[in-house]
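Protein chains get the first letters and strands the later ones, always in sequence-line order, with residue 1 at the start of each. We use all heavy atoms of the structure for the numbers below, so side chains are in, but hydrogens, waters and symmetry mates are not.
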Protein chains: 2
Amino acid sequence: MRDTRASLLSEAEILVRGRGYSGFSYADLAEAVGIRKASIHHHFRTKEELAGALIEAYEARYDAALDTIAGDTRDGVERIEAYGRLYLGGVEQGLGCLCAALAVELETLPEGLRRSIVRFFDKHIAWLAGVLEEGQIDGSVRRGLDPQAHARLIVAALEGALLLERFLAGPEGFARTLTALSEGLRPAA
Amino acid sequence: MRDTRASLLSEAEILVRGRGYSGFSYADLAEAVGIRKASIHHHFRTKEELAGALIEAYEARYDAALDTIAGDTRDGVERIEAYGRLYLGGVEQGLGCLCAALAVELETLPEGLRRSIVRFFDKHIAWLAGVLEEGQIDGSVRRGLDPQAHARLIVAALEGALLLERFLAGPEGFARTLTALSEGLRPAA
DNA sequence: GGAAATCTACCTACTAGATGGTTGGCAATA
DNA sequence: TATTGCCAACCATCTAGTAGGTAGATTTCC
């Protein structure tokens with residue numbers, strides 16, 4: 001059934017985001033889903049293949065969210081804030097970013113996964129830079145700032161805030177950081 | 001000898017920062033230092049004890065650096081930039097932050113280590129908030145901003161930038177992010 | 001001063017349990 | 001009949017940690 005595969009992806013994502021890639025095992029996952037360890041291999045031949053599918057699904061969800069934001073809002077800073085709120089769910093559930101969890105183990109990560117992670121972040125930076133540039137043209141974003149550099153800053157700040165506020169100040173802490181971040185993007189009053 | 005213990009701490013830090021806490025083993029560490037696996041237990045009874053010592057040493061180095069910055073510079077934004085440059089070494093060596101590497105595995109982390117990590121970040125946020133407040137008084141930092149919120153933002157942005165630029169754009173990418181970050185703290189011209 | 005006791009730093013050899021992964025088979029479905 | 005989804009049993013390897021010992025330095029006590 002398609003069902004088991006989806007459960008495996010869902011539960012594996014929770015495990016990786018909660019305890020890291022080499023911090024979770026097939027035994028953990030089998031228990032979470034309620035099948036035997038050997039059966040996981042029927043759906044994902046190796047742990048690496050599972051991780052690849054995890055990133056793919058995660059990325060697809062973000063892609064859809066970026067489209068929604070672009071369709072729903074016009075104002076540049078509002079778009080950035082909406083983007084920032086995508087991370088909020090993680091803080092609320094006490095789960096970090098999937099790609100951040102993998103990135104920590106960069107050195108021992110298979111080449112394929114490494115490339116997927118690079119792609120994930122590069123895409124976000126490019127999207128944000130586009131939002132900022134467009135916002136500068138329509139006047140919803142401060143003119144002086146460098147869109148490329150600020151796009152990097154936004155991803156870094158949100159990734160960092162998710163990492164930290166998960167165990168520091170929770171959703172409120174994250175919200176404060178997001179506010180401080182977006183304030184700096186508004187055109188001078 | 002004190003020497004072996006120091007080597008163990010140094011090599012273990014490199015391993016954890018490069019591949020995560022559960023991504024490195026006593027076997028890896030033994031090979032890196034050039035002693036047998038069992039001998040590590042003579043210096044650090046358990047892996048958790050080793051991790052604790054790792055954080056302690058890491059924290060002490062940061063404490064010393066914060067004191068140096070406070071002694072060497074007066075200008076608020078300059079202090080923040082100097083603080084940001086503390087992270088640069090990691091990017092150059094391709095090593096993430098020790099506490100970030102541990103934080104990713106939060107869920108399975110022993111309570112004691114968890115507390116140490118909270119203390120590490122809380123201390124940095126408090127120090128940065130103090131720098132910003134002082135800077136607002138002497139006019140070297142923009143008045144409007146909330147010191148607490150921006151202290152959180154600074155730590156988050158730098159932790160995130162270290163995590164990302166390690167494999168994205170390297171030291172140049174990190175420098176761009178740091179510039180974008182500190183620009184927003186300067187008083188309006 | 002010198003023997004005895006203790007400590008330090010390391011070793012080989014081992015343990016129990018976990019790790020990702022394999023094999024071969026069984027039942028349901030299409 | 002062929003495929004799908006799952007399973008028990010197994011495998012080699014790795015995991016942190018233990019047991020017990022050796023050689024050499026340091027301390028203690030007569």
Fill in: Transitive ILVMFWY cluster of B:I14, excluding itself - 4.5 Å side-chain cut-off
B:L95
Discussion item. I'd like to check the side-chain hydrogen bond (donor to acceptor under 3.5 Å, both in side chains) partners of A:E59; sequence neighbours left out, ordered by chain and number.
Written reply: A:R119, A:K123
Item to complete: Please name all residues satisfying side-chain hydrogen bond (donor to acceptor under 3.5 Å, both in side chains) with A:E134, sequence neighbours left out, ordered by chain then number.
Response: A:R79
Worksheet entry | ring pair (Phe, Tyr, Trp, His ring centres under 6.0 Å) involving A:Y83 - partner list, sequence neighbours excluded | A:Y87, A:H124, A:W127
Worksheet item: Looking at residues at least two apart in the chain, or sitting in another chain, which of them share a ring pair (Phe, Tyr, Trp, His ring centres under 6.0 Å) with B:Y58?
Response: B:Y62, B:F120
Worksheet item: Do any side-chain nitrogens or oxygens of A:T4 fall under 4.0 Å of OP1 or OP2 in D:dG5?
Response: no
Worksheet entry | Phosphate-side-chain proximity, A:H42 and D:dC6, N/O vs OP1/OP2 below 4.0 Å | no
Item to complete: May I have the distance from B:R36 (atom CZ) to D:dG21 (atom C1'), rounded to whole angstrom?
Response: 16 Å
Worksheet item: Is the number of heavy atoms from other residues, nucleotides or ligands within 6.0 Å of CZ (A:R45) greater than 12?
Response: no
Worksheet item: With respect to the side chain of A:H43, which nucleotide from D:dC7, D:dC6, C:dC11 is positioned closest?
Response: D:dC6
Worksheet, complete the sentence: In 5'-to-3' order, the base (B), backbone-only (S) or no-contact (-) status of each nucleotide in nucleotides 20-30 of chain C, using a 4.0 angstrom heavy-atom cut-off, is BBB--------
